[in-house]
Amino acid sequence: MINMFLTKDEEKMCDGEFGETVRKSMDILVALGDIYGASKLVDITSAQVSGVSYKTIGDAGLEYLEDLAKGDLIDSNINASLNPPGTDLNNWKELGFPEEFSIKQNQIVDAYAKLGISKTCTCTPYLVGNVPRFGDHVSWSESSAVAYVNSVIGAKTNREGGPAALAAAIVGKTPLYGFHLDYNRKANLIVNVECGLKGADFGALGYIIGKAVGGGVPYFKLKNTPNNNDLKTLGAALASSGSVALYHMENITPEFKNANKKEVEDIIFISKKDILETRDNLSTTNKEADLICLGCPHASLEEIKQVANIVQGKTIKNKLWICTSISVKATADRMGYTDIIEKAGGNVVCDTCMVVAPIEDMGFEVIGVNSAKAANYVPSMCGLDVVYDDTENLIQFE
Ligand SMILES: C[C@@](O)(CCOP(=O)(O)O)CC(=O)O
Ligand code: SF4
């Protein structure tokens with residue numbers, strides 16, 4: 001029995017009148033809505049679909065998607081884009097990605113494309129055209145992207161699983177509960193940062209607070225003004241050590257005035273010592289990195305420019321990847337940044353990242369990262385050591 005209210009059209013979708021793909025998607029959305037007590041479905045303007053890497057979904061995932069893609073679709077008329085896959089979809093051969101893995105990976109992405117999800121392949125779709133408006137209901141699933149779209153843009157999403165975001169993309173709707181409702185978007189922890197922050201400090205802060213707040217909503221008071229790259233780094237870390245989907249930042253994020261901070265009793269003070277200790281603890285080894293892997297979440301053009309400025313005219317000792325979307329790379333190519341980085345011995349890698357790529361099978365042992373999320377996940381998802389530091393300290397020259 002279905003508990004939530006469905007319109008006549010939605011009932012028809014559940015009954016299979018629009019085909020099997022739509023029916024199966026409605027099954028997922030209605031089950032989710034009933035579990036979480038949603039009153040109804042709500043229209044969305046955007047979806048971001050994770051569950052893409054062959055490393056995480058395997059052959060079973062590929063078969064499921066190819067089967068689903070055989071059915072008819074309705075025109076859900078939303079902007080839907082894919083998360084990073086496990087390979088650079090075009091340049092996997094040149095970059096040394098395993099062949100069988102890369103072929104399967106391309107098949108997965110093709111199946112998603114048949115289901116109407118664009119091959120944007122990034123966890124920072126807000127940099128490349130999948131940009132909802134403030135207040136929009138959306139269904140996003142990559143956890144750093146969820147934190148960004150809720151907090152920095154002020155669109156509304158729960159932390160969806162890949163299948164739920166795909167179902168939402170197919171139908172153009174999501175169940176109305178959780179962070180879609182304003183009363184769940186209030187802060188429940190105040191974070192008073194007593195020192196200025198820069199670079200990898202933001203990841204360290206996110207790592208500490210994610211652990212402290214779990215799935216709650218932190219409200220930050222900072223001494224200095226972060227840029228959007230800092231906010232994406234912070235959100236990624238919050239969403240990986242905890243399950244944060246939304247944060248507020250005084251005078252920075254769009255909903256900070258409605259966060260009800262006066263009613264929040266829990267307050268944490270963060271000192272320079274806390275940040276430095278956490279930065280140290282995020283490294284699992286003192287060894288030098290054999291691969292420096294930047295772009296978690298996927299790099300912006302400014303971050304690629306920063307790397308180009310650091311390596312210009314020099315020869316990098318370690319291997320260097322800077323991971324980003326194909327759209328950002330296209331602009332980096334045009335600006336000459338890619339050429340500078342390649343001449344120094346590094347690569348701008350498209351689509352994939354250090355967590356979802358099979359780097360453990362590619363001969364690397366120690367990965368240098370400037371992202372606390374990557375520092376948290378590379379040891380657990382790839383079984384490799386990490387060194388955590390700022391970009392300029394990670395890159396060594398001949
Ligand atoms: C680790 C992560 O960023 C990438 C793995 O994603 P996927 O489920 O393989 O698309 C997922 C997440 O944090 O939501
Ligand atoms: S692990 Fe990092 S780079 Fe990879 S998809 Fe997640 S946020 Fe993006």
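Counting starts at 1 for both ligands and their atoms, following the listed order.
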Quick one: look up the protein heavy atom nearest [atom] and list residue, atom name and how far away it is.
atom                   : value
atom 8 (O) of ligand 1 : G51 N, 3.1 Å
atom 6 (O) of ligand 1 : N83 ND2, 3.5 Å
atom 5 (C) of ligand 1 : V356 CG1, 3.5 Å
atom 9 (O) of ligand 1 : T56 OG1, 2.8 Å

Does S141 have a non-hydrogen atom less than 4.0 Å from ligand 1? yes
Do the non-hydrogen side-chain atoms of P226 and L197 ever get within less than 4.5 Å of each other? no
Find out whether V213 and D266 are in side-chain contact, i.e. whether some heavy atom of one side chain is under 4.5 Å from a heavy atom of the other. no
N or O pair under 3.5 Å between E142 and ligand 1: yes
Quick one: does D88's side chain have a donor or acceptor within less than 3.5 Å of a partner on C350's backbone? yes
Under 3.5 Å: donor-acceptor pair, side chain of K156, backbone of D136: no
May I ask you to identify, for K373, whether its side chain, its backbone, both or neither come under 4.0 Å of ligand 1 on a heavy-atom basis? side chain
Quick look: S240 vs ligand 1, heavy-atom contacts under 4.0 Å, and the answer is neither
Protein residues having a heavy atom less than 4.0 Å from any atom of ligand 2: P84, C123, E142, S144, G295, C296, P297, C353, V355, K373
F97: what forms a ring-ring contact (aromatic ring centres under 6.0 Å, His included) with it, not counting sequence neighbours? W321
Establish, from distance only, whether the side-chain atoms of [X] and [Y] form a donor-acceptor pair under 3.5 Å.
X    : Y    : result
Q48  : N83  : yes
R185 : N150 : yes
D230 : T233 : no
T285 : D385 : no

Could you check whether K314 makes a cation-pi contact with F397, meaning its NZ or CZ is under 6.0 Å from the centre of the six-membered ring and within 45° of the ring axis? yes
